[in-house]
Amino acid sequence: MTQPMLEVRDLKMHFPIGGSMLDRLRISGGLRFENPVVHAVNGVSFAIQPGEVMALVGESGCGKSTVAKTIARIYEPTAGEIRIEGQDIATLGFTDLLPIRAKMQMIFQDPYASLNPRQKVRDIVAEPLLEQVKGAERREVPARIAALLAKVGLNAEHAGRYPHQFSGGQRQRIGIARALSVTPGLIIADEPVSALDVSIQAQILNLMMDLRDEFGLAYLFISHDLSVVQHIADRVGVMYLGFMVENAPRDVLFSRPRHPYTRALLSAAPSIKAHRDREEITLTGEVPSALTLPSGCCFRTRCPFAWDRCTAERPKLQDVGEGQTVACHLTDEPERDKP
Ligand code: SF4
């Protein structure tokens, strides 16, 4: 079996609340506990093989972007392992992380905000590269940048311009060229097309897939748009309240979603091409606060199937075959699968 490009084990990211936020909670009378903590990611595990596209989906605030930023070490993980080609980087310091940055790059939702407006494109694209190459190799950087710009559909003339001189799609191409400059094995893409027009989205997604085919890139792709995910993902992880509730190959997930939350997400997206062999589920109510997680199953306050076991016991991800894992007690008691 090949070594995963990325393996995440029991990753947790909790944000302590302090300062003015804590004061606001006190003033509003909302504080009922010492040392309040936002439980953004609560023990998430998954793996991505070389060349594989794994998407993380879920409603806004489910923790998918926090997972991406924690893996990229923008946030310091609270607990867990982040293995890049087998090496755990979760606790590495800044210097030890530098060589890892060549294996893992990130592209962001808002290409304009992620590019330094005072830098020319050639300097933006060269930045990660110059951290990696030293001495005589640096003479090759201009030619490398020209080749990278051509690879993402820009030209050498663009190297001397500033980010504000480009459209949104072109800016995302610059971000992709910068990420590619150090020939990474993994790209973490946090909602990379959601700020773009639909016609431009398709161009950027096609570019990302062409680069996957050419360089064998693996992607961790964060998206709230299930139709985009259905188009590009090999595997899909579904998150709710900081937990992974289902993880399956794309076709299995879209044709046989098992977790009630996944079924509700698909029910709410009628444009999705899915064969649904179970009743649709309509989501009602609000996502609970990540400050006070519910006991038992994270989804029980909105689940039409919940019973007393769901309050008492947190379900673990269980293998149900065909590469699909589901965190729901219905996998043990399927006769209860009737709203
Ligand atoms: Fe619903 Fe219970 Fe399954 Fe949670 S464990 S999704 S509450 S049936």
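Read the numbers this way: they start at 1 and go in the same order the structure lists the ligands and their atoms.
- Remark: R309 engages D332 in a salt bridge, criterion side-chain N to carboxylate O under 4.0 Å.
- Expressed to the nearest 0.5 Å, how far NE2 of H224 lies from NZ of K64 amounts to 7.5 Å.
- Distances under 2.8 Å from atom 1 (Fe) of ligand 1 pick out the protein N/O/S atoms C303 SG.
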Next item on the list: Just do the side-chain hydrogen bond (donor to acceptor under 3.5 Å, both in side chains) check on Y240 and E246 with the steps written out, would you?
Entry: CA-CA 9 Å; Y240 184 82; E246 185 158 8; over 6 Å; no

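- Annotation: F299 is not in aromatic contact with F243 [ring centroid separation under 6.0 Å not met].
- A salt bridge does not link R212 to E214: none of the charged nitrogens lies less than 4.0 Å from a carboxylate oxygen.
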Item checked: Candidate pair R300 and S295, rule side-chain hydrogen bond (donor to acceptor under 3.5 Å, both in side chains), full reasoning -> CA-CA 9 Å; R300 71 173 171 78; S295 64; 3.2 Å; yes

